[in-house]
**Student:** 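Sharing a structure below in structure tokens format, with a few things to ask.
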There are 2 protein chains.
Amino acid sequence: MELKRAAEGEKGFEKVFAFLRERLLAGSLKPGDRLISERELATQLGVSRPIVREALRALTVLGIVEIRDRIGTVVTRPDVSVLNDFFTFALAQQADMLDDVMQARVAIECQAIRLACERANIADFERLQRALAKIGETIDEADAGGMADFEFHRAIVVASHSETLTVLHGSMAGLLTHSHRSRRELVQAFPSMKTYLIDDHRRIFEAVIARDPERADATLRKHFAIGDEYRRRALVGDMDKTSASR
Amino acid sequence: MELKRAAEGEKGFEKVFAFLRERLLAGSLKPGDRLISERELATQLGVSRPIVREALRALTVLGIVEIRDRIGTVVTRPDVSVLNDFFTFALAQQADMLDDVMQARVAIECQAIRLACERANIADFERLQRALAKIGETIDEADAGGMADFEFHRAIVVASHSETLTVLHGSMAGLLTHSHRSRRELVQAFPSMKTYLIDDHRRIFEAVIARDPERADATLRKHFAIGDEYRRRALVGDMDKTSASR
DNA sequence: GGTCTGATCTTGGTCAGACCAGTATTATGA
DNA sequence: TCATAATACTGGTCTGACCAAGATCAGACC
């Protein structure tokens with residue numbers, strides 16, 4: 001009846017999706033709300049239950065809604081995992097995108113560190129310090145070291161107190177950790193990397209503590225650039241004698 | 001049979017989704033490929049067709065796949081619209097997120113402009129120049145002016161030749177255009193904004209032409225900051241008497 | 001032989017009704 | 001009154017069916 005009116009032009013899936021979309025966007029469906037049952041939704045919209053399920057499933061993968069078995073469907077707060085999925089799929093099909101995603105990561109972190117300089121509180125500083133310490137402790141371990149590295153960078157983004165930046169950064173986590181790990185494997189190759197990793201992160205930390213956005217940004221950028229340089233060298237030649245390979 | 005093996009633990013929807021996900025991520029399903037029919041998929045995976053449809057629909061809203069009526073299901077190149085949807089939903093439920101998304105936008109554009117300084121070609125320069133000219137021409141029109149402004153910024157991101165940055169930036173397009181428009185409405189309020197808009201964009205353009213990443217980044221950042229300041233003033237005090245505002 | 005045309009197969013789009021397994025609620029009995 | 005058991009939900013899934021329209025191929029026509 002009146003429910004149908006809201007989404008008359010479309011049919012089937014589109015109708016249900018549009019109907020729910022409207023409520024979601026209008027705010028009449030807020031996080032925490034429980035939707036009416038699938039059957040009821042079906043009869044009210046004049047479609048079959050499988051169609052309703054399609055729409056609900058669609059909203060589920062978008063992270064808008066959560067279907068709880070034998071409980072009901074509830075609206076959730078938008079979640080990271082969507083972007084995560086998206087980026088994972090996107091990158092799987094375009095491997096050359098990895099460098100590209102790295103650019104996005106740099107973009108986000110550099111902005112985040114600027115915000116962090118303004119907004120970070122004691123707790124953020126402490127988290128950064130812990131991560132920094134961890135990097136020092138695990139400097140010789142590939143896995144733990146990569147993890148520590150990642151934690152440090154994540155701490156920066158968290159300290160920005162920007163949900164969007166955090167979400168975006170987190171969505172690339174899977175890919176980033178991979179890249180971090182492979183970087184970590186270079187530690188054995190280039191002994192100089194140890195000091196690079198430790199000193200660089202410390203300098204970044206200090207810039208944040210000093211609440212100096214420009215310096216923090218610049219230092220972080222340099223950090224990324226040096227990392228790139230190491231990786232490049234590792235590609236061109238193995239270790240030292242680098243002339244033969246190509 | 002052998003297909004089932006790939007996704008045994010899960011059941012129903014999860015099974016199908018995992019099965020397809022695996023193929024997608026492994027690369028055995030590439031953009032352009034046509035999937036086998038829903039019925040066949042259902043029998044091969046030992047589930048019913050509605051369940052298969054749920055999975056396909058899920059992939060559809062993720063922009064991974066496209067269901068073509070009476071044709072079949074084909075793998076597509078990941079598309080912006082997903083992120084668009086996500087951000088739209090996310091922001092609808094947390095209006096305070098808008099400022100936050102702006103931060104992400106700044107992050108992306110500032111990184112993009114750095115890349116643009118390195119990678120931009122003649123065509124990119126021309127596009128930027130056209131957008132710049134448009135800004136001058138439409139300085140007194142709210143709608144067209146906002147569009148021109150948006151085009152200029154988009155041209156910057158496009159000139160970065162980074163798909164990821166472009167996608168991310170595009171995904172916020174809806175929100176950004178809104179913000180751009182409201183900014184444009186300030187033009188009438190602050191006559192000084194005209195010169196600000198024109199000169200700022202020209203300076204940005206020049207920095208890109210000069211291929212000076214640092215200057216471009218800094219100029220762009222300043223541009224955003226000034227825009228913020230104008231908006232702030234518009235909020236605090238009306239129009240001219242702005243001495244109180246700071 | 002080559003091309004056009006129509007029957008048939010296949011595809012997605014949808015529906016109706018049914019069963020299961022647990023949850024939430026309610027009615028019942030102590 | 002309270003604890004327990006029956007009942008009415010919920011999501012999760014399956015089966016089988018119908019429709020409309022693109023895809024295909026056989027046969028008719030040029």
Side-chain angles (χ1 to χ4, degrees), chain A residues 1 3-4 6-21 23-24 29 31-76 79 81, chain B residues 1 3-4 6-21 23-24 29 31-76 79 81:
Chain A
M1 330 243 137
L3 295 182
K4 273 189 183 175
E8 235 166 23
E10 302 92 347
K11 56 189 158 201
F13 170 81
E14 293 295 339
K15 175 153 57 174
V16 184
F17 193 77
F19 171 75
L20 292 173
R21 175 195 205 102
R23 311 277 146 147
L24 258 349
L29 279 178
D33 290 358
R34 200 165 88 258
L35 270 63
I36 57 180
S37 75
E38 297 176 354
R39 286 169 236 265
E40 201 166 344
L41 212 47
T43 60
Q44 285 194 7
L45 289 174
V47 299
S48 66
R49 195 145 84 95
I51 301 301
V52 172
R53 300 211 88 233
E54 280 183 34
L56 292 180
R57 194 67 86 171
L59 289 173
T60 299
V61 300
L62 282 178
I64 314 292
V65 129
E66 186 182 344
I67 305 181
R68 292 184 189 155
D69 196 357
R70 277 158 251 131
I71 303 285
T73 307
V74 301
V75 182
T76 65
D79 184 34
S81 55
Chain B
M1 325 243 138
L3 294 183
K4 274 189 183 176
E8 237 164 21
E10 301 93 346
K11 56 187 159 201
F13 170 82
E14 293 296 338
K15 175 153 57 175
V16 184
F17 193 77
F19 171 77
L20 292 173
R21 173 193 207 104
R23 310 277 146 146
L24 259 349
L29 279 178
D33 291 357
R34 201 166 87 259
L35 271 62
I36 56 181
S37 75
E38 296 177 355
R39 287 169 235 266
E40 201 166 344
L41 212 47
T43 60
Q44 286 194 6
L45 289 174
V47 297
S48 66
R49 194 147 84 93
I51 301 301
V52 172
R53 300 209 91 238
E54 280 183 35
L56 292 180
R57 194 66 86 171
L59 289 174
T60 299
V61 301
L62 282 178
I64 314 293
V65 129
E66 185 182 345
I67 305 181
R68 293 184 188 155
D69 196 357
R70 277 158 251 130
I71 304 286
T73 308
V74 301
V75 183
T76 65
D79 184 35
S81 55

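Each chain gets a letter, A, B and so on, in the order its sequence line appears, and its residues count up from 1.
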**Student:** Could you give the distance from CD (A:Glu54) to OG1 (A:Thr60), rounded to the nearest 0.5 Å?
**Tutor:**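 So the gap between those two atoms works out to 12.5 Å.
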**Student:** Calculate, to the nearest 0.5 Å, the distance between atoms CG and OG1 belonging to B:Asp33 and B:Thr76 respectively.
**Tutor:** 11.5 Å
**Student:** If you pin A:Ile71 and B:Glu40 to their nearest nucleotides in DNA chain C, which one's is more 5'?
**Tutor:** B:Glu40
**Student:** With both distances under 3.5 angstrom, what nucleotide forms a Watson-Crick or G-U wobble pair with D:dC30?
**Tutor:**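 Paired with C:dG1.
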**Student:** Do B:Thr73 and B:Arg68 have side chains that get closer than 4.5 Å, going by heavy atoms?
**Tutor:** no
**Student:** Going from CG on A:Leu56 to CD1 on A:Ile51, what distance comes out if it is rounded to the nearest 0.5 angstrom?
**Tutor:** 11.5 Å
**Student:** Rounded to the nearest 0.5 Å, what separation is found between the CZ atom of A:Phe19 and the CG atom of A:Leu29?
**Tutor:** 7.5 Å
**Student:** In whole angstroms, how far is the P atom of D:dT13 from the CD atom of B:Glu14?
**Tutor:**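 In whole Å, D:dT13 P and B:Glu14 CD are 8 Å from each other.
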**Student:** For A:Glu66 and D:dG11, what is the distance between atoms CD and C1' respectively, to the nearest whole Å?
**Tutor:** 13 Å
**Student:** Between C:dG12 atom P and B:Asp69 atom CG, what is the distance in whole Å?
**Tutor:** 9 Å
**Student:** OP1 or OP2 of D:dT13 versus the side-chain N and O atoms of A:Arg57: is any pair under 4.0 Å?
**Tutor:**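 Answer is yes, contact under 4.0 Å.
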**Student:** Given atom CG of B:Leu41 and atom C1' of C:dT11, what is their separation to the nearest angstrom?
**Tutor:**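 Interatomic distance, CG of B:Leu41 to C1' of C:dT11: 13 Å.
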**Student:** Determine, for nucleotides 16-22 of chain C in 5'-to-3' order, which nucleotides have protein heavy atoms under 4.0 Å from the base (write B), from only the sugar-phosphate (write S), or from neither (write -).
**Tutor:** --B--BB
**Student:** Starting at CZ of B:Arg34 and ending at P of D:dG22, how long is that distance when rounded to a whole Å?
**Tutor:**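 In whole Å, D:dG22 P lies 15 Å from B:Arg34 CZ.
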**Student:** Starting at atom CD of B:Glu54, determine the distance to atom C1' of C:dT14, rounded to an integer number of angstrom.
**Tutor:** 14 Å
**Student:** Whole angstroms only, please: what is the CD1-C1' distance between B:Ile67 and C:dT11?
**Tutor:**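 Going from B:Ile67 (CD1) to C:dT11 (C1'), I get 12 Å.
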**Student:** A:Ile36 has an atom CD1; how far is it from atom P of D:dT10, in whole Å?
**Tutor:** 10 Å
**Student:** Verify the contact: side-chain N or O of B:Thr73 to OP1 or OP2 of C:dT11, cut-off strictly under 4.0 Å; return yes or no.
**Tutor:** no
**Student:** Holding to salt bridge (Lys or Arg N to Asp or Glu O under 4.0 Å), I want the full list of residues that pass it with A:Arg39, two or more places apart in sequence or in another chain.
**Tutor:** none
**Student:** Rounded to the nearest 0.5 Å, how far apart are CZ of B:Arg49 and CD of B:Glu38?
**Tutor:** 5.0 Å
